[in-house]
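Notes follow the structure.
Count residues from 1 along the sequence.
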Amino acid sequence: MSGKSPHKLRFAVLATDIALFRVFDKKLHVLLVRVHRPPHFIHKWGLPGGLIHPKETADKAAVRLLREKGEIRDVYIEQLYTFSEVKRDPRGRVVSVAYIGLVPENKVLRLDDDSGIRWYSVRELPKLAYDHNEIIRAAVERMQGKLEYTNIVCNLLPR
């Protein structure tokens, strides 16, 4: 072995994004939060999410981020897919472990107009930050597929 120092390792940052769904007015809605990351995203909407801390799992990060972004607790979540396109975040290399979350219609979530959090119909989404439109598309397709062989829909219904 030569006296050269080993190559410097460069890593991607690991994040999580949560597509949290709820049915009301007979339509499927997804929870969006304000994203303001100049110069790339100025007053855009996106999924709740963020970076995974070094000593936590992706699952624990998803639960933490829902709590921090919207005081959301005790909802059904499951891992959806890992989004790893090289340029998915203009700030640098970020890989996202995405989740589907489901909220029953009767569960009360404290959201107000000033919170920067809002429910949008999945059929009427604006252009979202990052690749969040793609994440929502994948989540809806996954849920549609799972309707045939699981009882996942029960997590959207009142008891």
Side-chain angles (χ1 to χ4, degrees), residues 14-38 40-53 56-85 87-91 94-159:
L14 194 56
T16 187
D17 294 299
I18 306 100
L20 187 67
F21 295 101
R22 182 178 198 176
V23 174
F24 57 89
D25 296 333
K26 298 182 182 179
K27 296 179 189 171
L28 184 64
H29 288 74
V30 64
L31 188 73
L32 299 179
V33 298
R34 285 228 182 263
V35 176
H36 189 66
R37 302 271 186 275
H40 308 291
F41 303 111
I42 299 172
H43 302 297
K44 290 281 196 182
W45 290 97
L47 294 170
L51 299 181
I52 297 172
H53 293 163
E56 73 182 343
T57 65
D59 289 357
K60 288 190 182 189
V63 170
R64 173 182 56 81
L65 288 160
L66 284 175
R67 187 182 66 245
E68 288 176 2
K69 303 264 175 162
E71 296 184 31
I72 299 165
R73 293 173 168 75
D74 303 319
V75 297
Y76 174 85
I77 63 168
E78 72 175 49
Q79 199 172 117
L80 168 64
Y81 186 77
T82 300
F83 289 83
S84 62
E85 286 296 319
K87 297 188 186 227
R88 63 174 299 276
D89 187 326
R91 298 172 301 164
V94 179
V95 173
S96 178
V97 179
Y99 286 81
I100 293 172
L102 304 175
V103 179
E105 187 176 9
N106 63 338
K107 184 171 176 73
V108 176
L109 298 180
R110 288 181 285 162
L111 304 178
D112 58 56
D113 290 338
D114 297 328
S115 67
I117 301 173
R118 185 173 159 197
W119 292 102
Y120 271 89
S121 165
V122 296
R123 294 183 184 268
E124 300 167 4
L125 292 175
K127 171 78 174 95
L128 302 178
Y130 311 103
D131 57 353
H132 291 183
N133 289 88
E134 180 184 343
I135 293 172
I136 292 169
R137 245 185 324 276
V140 169
E141 286 175 11
R142 171 75 55 85
M143 284 193 310
Q144 287 171 334
K146 289 187 92 166
L147 288 174
E148 294 180 21
Y149 65 91
T150 72
N151 64 355
I152 192 170
V153 73
C154 292
N155 295 290
L156 288 169
L157 302 173
R159 289 187 186 229

Ala98 versus Ile135, closest heavy-atom pair with distance: CB-CG2, 3.9 Å

Does the side chain of Ile72 reach to within under 4.5 Å of the side chain of Ile18, using non-hydrogen atoms? no

Taking the six-membered ring for Trp, are Phe24 and His29 parallel (under 30°), tilted (30 to 60°) or perpendicular (over 60°)? parallel

Of all the heavy-atom pairs spanning Phe21 and Leu156, show the shortest one and how long it is. O-CD2, 3.6 Å

Neighbour count above 12 (heavy atom, 6.0 Å) for Phe41 CZ: yes

Straight-line distance of Ile77 CD1 to Asn155 CG, nearest 0.5 Å: 11.5 Å

Nearest-0.5 Å distance, CG of residue Leu80 to CZ of residue Arg142: 5.0 Å

Per the side-chain contact (heavy atoms from CB on, under 4.5 Å) rule, which among Val153, Val75, Ile152, Val23 passes with Leu102? Ile152

Is there a side-chain contact between Lys44 and Lys127 (heavy atoms, below 4.5 Å)? yes

Heavy atoms of Pro104 and Arg22 approach each other most closely as O-NE, 3.6 Å

Count the heavy atoms belonging to other residues, nucleotides or ligands that lie under 6.0 Å from NZ of Lys146, then report whether that count exceeds 12. yes

Heavy-atom distance under 4.5 Å between the side chains of Arg34 and Trp45, does that happen here? yes

Can you give me the closest heavy-atom contact between Gly50 and Leu65, atom names plus distance? N-CD1, 3.4 Å

Please state whether the rings of His132 and Tyr130 are parallel, tilted or perpendicular, taking 30° and 60° as the class boundaries. tilted

Interatomic spacing from NZ in Lys27 to CD in Glu124 - rounded to 0.5 Å: 5.0 Å

Within the distance-only criterion (no hydrogens, no angle test), does the side chain of Asn133 pair as donor or acceptor with the backbone N or O of Leu128 below 3.5 angstrom? yes

Between Arg64 and Ile52, the two heavy atoms sitting closest are NH2-CA, 4.4 Å

Quick test of your reading of the model: are Asp89 and Arg91 salt-bridged, counting only N-O distances below 4.0 Å? yes

Would you say Lys87 and Glu85 make side-chain contact, with heavy atoms under 4.5 Å? no

Counting only heavy atoms not in Glu56, do more than 12 sit closer than 6.0 Å to its CD atom? yes

Going from NZ on Lys69 to CG on Leu20, what distance comes out if it is rounded to the nearest 0.5 angstrom? 13.5 Å

Take Val103 and Leu31, measure what side-chain contact (heavy atoms from CB on, under 4.5 Å) needs, and give me the verdict at the end. CA-CA 10 Å; Val103 179; Leu31 188 73; over 6 Å; no

Exercise: identify the closest heavy-atom pair between Leu125 and Tyr120: CD2-CB, 3.7 Å

Could you please spell out the steps behind the side-chain contact (heavy atoms from CB on, under 4.5 Å) verdict for Val33 and Leu47? CA-CA 6 Å; Val33 298; Leu47 294 170; over 6 Å; no

I'd like to know if the side chain of Thr16 and the backbone of Gly49 have a donor-acceptor N/O pair within less than 3.5 Å. no

